[in-house]
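Below is one structure, written out as structure tokens; comments come after it.
Reckoned from all heavy atoms, side chains included, excluding hydrogens, waters and symmetry mates.
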Amino acid sequence: MKVALTHAGQEAMLTGVQAARLYGVRNLPPERRAHALIPHRSKVATWGFAVVERTIHLPEPVEIDGIPVAPLARALIDAARRMDELQAVKAMIHDAVHRGLCTPEELRDELAQASTIGSALPRIVVDALQDGVDSAVDQWLETMLERSGLPRPTRGAELRTSDGEVIGVADAWWPKVGVAIQIRYDEVALEPDKPSEMSALVAGGLIVIQVSPARLRDEPLVVIQELRAAHRRARQRPPPDLGSAPATPAA
């Protein structure tokens, strides 16, 4: 779909369902009309095939196939605010988040700036997604750690080299042996075979176990075996010269 998105010399941008489709979101409601964002001072009204929305919160557009498009989180919230079925909103947002196209944090940030008109359904979905995923994964990790029989690790540690360079965040960290667990939070869909795009912590001598939420849920004993094996290997060499500090929580 090619759309001319210009107004008074200033480029507008596509948002809503059609924008989400360009990002690759699959579970979308049927919507033929384009939804465009334009500066608040503009006076263009909705016409024909397009819904034109004036906004004081005009984001920086992303160009997809030559079309200026709102960031995906904004597009999803704009779409959801015009939907009236909770299940349809849930299917759309879960598809985007579960496949790593955007994060709950990005959606929460957009909701904080969005108009309250029509925001009830997306707020229900985003709040449940964030709270449910985070609390469930944390509980699976905690249960696995308790069953492992290993010394209590530091949770949520920002790892740093001896000169202060931050190399990443470990969800669990054993500084005496230099072993870390890093959860692949991009797999919020809890699909065991979904590949991760998260980069592992990298440092000389550091042993990192990357694990998906699905494996914490479905294969905790296998993860425990891997973790114990990592500790056995770690004790055969000096620990890396790394420090840590509490990780900064997501805004």
Q) Which pair of heavy atoms, one from T154 and one from P175, lies closest together, and at what distance? A)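 Minimum heavy-atom contact is OG1-CD, 4.4 Å.
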Q.
Would you say CD of E85 has more than 12 non-hydrogen atoms from neighbouring residues, nucleotides or ligands within 6.0 angstrom?
A.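 Count not over threshold, so no.
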Q | R21 vs Q18, side-chain hydrogen bond (donor to acceptor under 3.5 Å, both in side chains): CA-CA, chis, key distance, verdict | A | CA-CA 5 Å; R21 183 170 288 114; Q18 303 296 354; 2.8 Å; yes
Q | Residues E110, R123: salt bridge by 4.0 Å N-O rule | A |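 A salt bridge is absent here (no side-chain N lies under 4.0 Å from a carboxylate O).
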Q. Does the side-chain contact (heavy atoms from CB on, under 4.5 Å) test come out yes or no for T55 and R74, once each step is laid out?
A. CA-CA 12 Å; T55 177; R74 174 63 179 271; 3.3 Å; yes
**Q.** Partner of E226 under salt bridge (Lys or Arg N to Asp or Glu O under 4.0 Å), chosen from R233, R232, R215
**A.**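 One option only clears the test, and that one is R215.
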Q: Could you give me the CA-CA distance, side-chain angles and deciding distance for I181 and L145, then say whether side-chain contact (heavy atoms from CB on, under 4.5 Å) is met?
A: CA-CA 10 Å; I181 289 179; L145 292 172; 4.2 Å; yes
Heavy-atom donor-acceptor pair, [X] side chain to [Y] backbone, under 3.5 Å:
X	Y	answer
W174	P151	yes
R228	S148	yes
R54	L37	no

[atom1] of [X] to [atom2] of [Y]: how many Å apart, nearest 0.5 Å?
X	Y	atom1	atom2	answer
L14	E63	CG	CD	12.5 Å
L28	M83	CG	CE	8.0 Å
D109	E106	CG	CD	8.0 Å
L111	R81	CG	CZ	9.5 Å

Q. Does any non-hydrogen side-chain atom of C102 lie less than 4.5 Å from one of V97?
A.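 Yes; the side chains approach each other to less than 4.5 Å.
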(Q) So I207 and R237, do their side chains get closer than 4.5 Å, heavy atoms only? (A)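 The answer is yes; the side chains approach within 4.5 Å.
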